Amino acid sequence: MGRRQKQNKKIVFSDTEFEGSRDDIAENDKKSNENRRRDTKLTDNKNNVTKIQPKTYKTVQFDDKSTENDDEYMKESPDSDDELIRNDQRLSRGDLKKKAENLYEVRKSLPVFKVKDQIVPQLLDNPVTILIGETGSGKSTQIPQFLMDYVDKNIAVTQPRRVAAMNLAMRVSEEYGCHVGEEVGYSVRFNNVTSHKTQLKYITDGMLLRELMIDPLLSKYSTVIVDEAHERTILTDLLIGFLKGLLHERNKSSDKPDFKVIIMSATLDAEKFSKFYDNAPILFVEGKMYPVERYYLDKPSDDIIDSMVKSVVQVNQGEPTGDILCFLPGQEDIDKAVEIIKTIAPELPKEAPMLVPMPLYAALPPQEQIKIFSNVKKGNRKVIISTNIAETSVTVPGIKYVIDSGLRKVKVWRHQLGLSTLLTVPISKASATQRAGRAGRESSGKCFRLYRESDYFKLTDTTEPEILRSEIISPVLMLKRLGIDDILGWHWLEHPGQESLVSSLQQLYTLGALNNSGKITDLGEKMVVLPVAPHLASVLIKAQEYNVLDDVIDIVSCLSVDNLMLTPSSEKRDEINAMRNETCTLGSIYGDLIMLKELFDIFKSINDPSERKKWCKDVAVSYKGFKNVNRIKKQIEDYMRLIKVDENAELDEYEDFEEEGSKAKELKIDLILKSFLHGFISNTAIGMPDRSYRTVTNGNLISIHPSSLLFGKKKDAIMYIEFVYTMKGYARNVSAIKLEWLQEVAPQLQGGKVSSNQDL
DNA sequence: GAGCACTGC
């Protein structure tokens, strides 16, 4: 390449060597932006690329909360995210106005505020605008407020994460001078804080899609702003696609367009969005980041944990105060690294700060996660060792050094095989920049990359959009709900590929969501409403027929909560397994679905919160998780009433297993499992004489996952909710089923594959 | 016979 000039600088610590380059991130990103802009002009003259720069640009230390939208996660010790929301309801209108006036001074210093007069006319003149706002530009908080003065009807600003939507609404309502839920509000799952007054609504993209399913014209809104579009989640991609059709629909009748779309994104992907929306203009606003120096290894690492630990020690001895953030791909690596640092920390030279390692990953219990926000003793140095969660979802304050393995874990869906694989893969350049940027939020910092600079140049520019490597049954059902017949020819922002789409259509047909001509059925309309995957939605509807809906709702709710079952440490493993088998007498025979039901019943039966917590600890389940199960259960019950599958079937009075005779209990369990079998008929396997299992669909070898209560038990046939491939094929959330049920539930299964005569 | 990254409804 030779594009960049280097002043080499070496830091040496045993066999970990960094080759330094003095470029900082801001500088380098600026260069690559310039390259991109040049490319745009070269390749597409019609693209109107406007670079807007603040007239008077000076360095200002921004209030963290005012400039970014992904922060403030888990600062207290909440049972649920919603308890994070500060309560400002007691302030008078006058006090609110005063507060807003004070905040106005801060707002004025934001880069995007300084170019307000240049941006706003552009946004007003075009039905679609692509706004590239770098980190710290203030785009998420300011742009929507600018527009409030000009547009009729409501503005929706979408966010990929709930916490971001809630915090942005909090902040912007303060700036605006109102209570949350008045002129400025938010809408996320379980929480709709809006009123008839609300003009500006921060909303998760999932919630807006849900609104779109109910009102396909989004007639309440004049403007939809899609924020963080560069993250390319499935839901954002879908939304961007739907909005394209909607622009056409809403603006075709009148000369004056009444519907506006703004795509806000970090640096990359601008051209793609612009082309997708018929060469929409691109605006560019610089952000505010402190410089981050980057260093590379001069030979590749052969043991990433070892290199990570050595680098931590090296930074600790060679660099002034400031905490360290390390990126490793997964929990196992992180736990190992933490252990090693804990062990060696007391042995290190006393001149350097004492290292205090802390793990950070989503499966970590909340009380452990919160520790990363605590202060360590003077003279100590925090070392946070994290997964990708610290790249976007959690912002750790006080970070001055980032050490990046350059790896992440990614779940890849193989639709041909109907299984998912968890792979460790190199990150993208965009991701590497984002990780490094975590060191430059409060002051200048340093980033040490545990790979060579030549390896960096080999990385892909951006992370592959999620839609290309995921199961897309639910998106396809949404398209069908909106009456889109030609799924293969739809204007996908990223076309998922024919195979993936055809397989989704076939599965939806098998579930009864589509008819022979590929149109959505009544059942499909009901499934799209339920806040669970289509497979589970069909299970719920079948359960109502079998009159076991309450039990199945409980189980489905448990399945909807991540990290409900905690994985005990290796020393405690046998003890916990024995305890779970003892506690769940039925689960130990029938499997994990019934175990979940038993555990949830016990959880509900304990009234005293501290006793509940103790019980959760004993059987290694998440307390917070079960509280979420309760909320999801209530939501599903509401939706089931809404869609009224069977007028005659009513939600039963709650009865738990203990109150029933053993015969009745057995029958009920059969019906519960049969309900699930209707949704998961292709996730079944037959027990072989050698204790292995072979899938019904294609005879592949499959093993029961060690986390299952049925692990090591011999059954005639099993049904599983998920099929993952790690060291080998594993079935997760396994239940024992009777062989004859397969015939009963799916006679067409005979002789192998589920057939489909659907005309595609 | 041995282990799952991150979100969203």
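All of these numbers come straight from a predicted model, not from anything done at the bench. Each chain gets a letter, A, B and so on, in the order its sequence line appears, and its residues count up from 1.
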TODO: Ignoring backbone atoms, establish whether A/T392 has a side-chain N or O less than 4.0 Å from OP1 or OP2 of B/dC6.
DONE: no

Open item on the list: With a cut-off of less than 4.0 Å, is there a side-chain N or O of A/K728 near OP1 or OP2 of B/dA2?
Closed with: yes

Open item on the list: Of the options B/dC6, B/dG3, B/dT7, whose atoms approach the side-chain atoms of A/R161 most closely?
Closed with: B/dT7

TODO: Any salt bridge (charged side-chain N to carboxylate O under 4.0 Å, His left out) involving residues 233-242 of chain A? Give me the pairs, sequence neighbours left out, ordered by first then second residue.
DONE: A/R232-A/D237

Task: Minimum-distance nucleotide (side-chain atoms of A/P706 versus B/dT7, B/dA2, B/dC9) - done: B/dA2

- [ ] Check whether any side-chain nitrogen or oxygen of A/Y730 sits under 4.0 Å from OP1 or OP2 of B/dG3, and answer yes or no.
- [x] yes

Open item on the list: Considering every strand and a 4.0 Å limit on heavy-atom distances, what is the contact class for A/T233: base, sugar-phosphate, or nothing?
Closed with: nothing

Open item on the list: Taking the minimum atom-to-atom distance to the side chain of A/H705, which one of B/dA5, B/dC6, B/dG3 wins?
Closed with: B/dG3

Task: Residue mapping more 5' on DNA chain B - nearest nucleotide basis, A/Q331 or A/A533 - done: A/Q331

- [ ] Assign A/R408 to base, sugar-phosphate, or nothing according to its heavy-atom contacts below 4.0 angstrom with the strands shown.
- [x] nothing

TODO: With the side chain of A/A362 defined as its heavy atoms from C-beta on, choose the nearest nucleotide among B/dG3, B/dC6, B/dA2.
DONE: B/dC6

Task: Distance, rounded to the nearest Å, where A/M213 contributes CE and B/dC9 contributes C1' - done: 11 Å

Task: A/E466 CD to B/dC6 P, straight-line distance once rounded to whole Å - done: 13 Å

Task: Distance in angstrom units between A/L328 CG and B/dA5 P, rounded - done: 11 Å

Open item on the list: What is the distance, to the nearest angstrom, from the CG atom on A/L710 to the P atom on B/dG3?
Closed with: 18 Å

- [ ] Just compare B/dC9, B/dC6, B/dG3 and give me whichever is closest to any side-chain atom of A/M727.
- [x] B/dG3

TODO: Just say parallel, tilted or perpendicular for the rings of A/F626 and A/F600, cut-offs at 30° and 60°.
DONE: parallel

Open item on the list: For A/V619 and A/I576: C-alpha separation, side-chain torsions, deciding distance, then whether side chain to side chain contact (heavy atoms under 4.5 Å, CB included) applies.
Closed with: CA-CA 6 Å; A/V619 286; A/I576 299 279; 5.8 Å; no

Task: Selection from B/dA2, B/dT7, B/dC9 that lies nearest to any side-chain heavy atom of A/I389 - done: B/dT7

- [ ] Identify whether any heavy atom of A/E211 sits under 4.0 Å from a base atom; if not, whether one sits that close to sugar-phosphate; answer base, sugar-phosphate or nothing.
- [x] nothing

TODO: Flag the pair A/D554 and A/K633 as a salt bridge only when some basic side-chain nitrogen lies within less than 4.0 angstrom of an acidic carboxylate oxygen.
DONE: yes

TODO: Nearest whole angstrom, please: distance from the P of B/dG3 to the NZ of A/K411.
DONE: 16 Å

- [ ] For A/D562, report the nucleic acid contact type (base, sugar-phosphate, nothing); a contact means any heavy atom under 4.0 Å.
- [x] base

TODO: Any pair with a residue in residues 710-730 of chain A that passes salt bridge (charged side-chain N to carboxylate O under 4.0 Å, His left out), sequence neighbours left out, goes on the list, sorted by first then second residue, please.
DONE: A/K411-A/E722, A/E722-A/R732

TODO: Check every atom of B/dG8, B/dA2, B/dC9 against the side chain of A/R573 and return the nucleotide holding the closest atom.
DONE: B/dA2

TODO: Decide, yes or no, whether a salt bridge links A/E391 with A/R438 under the criterion of side-chain N to carboxylate O below 4.0 Å.
DONE: no

- [ ] Determine: side-chain N/O of A/T387 to OP1/OP2 of B/dC6, distance under 4.0 Å, yes or no.
- [x] yes

- [ ] Take atom OH of A/Y639 and atom P of B/dG8, then tell me their distance rounded to the nearest Å.
- [x] 16 Å

Open item on the list: Quick check for you: among B/dG3, B/dG8, B/dA5, whose closest atom lies nearest to any side-chain atom of A/T204?
Closed with: B/dG8

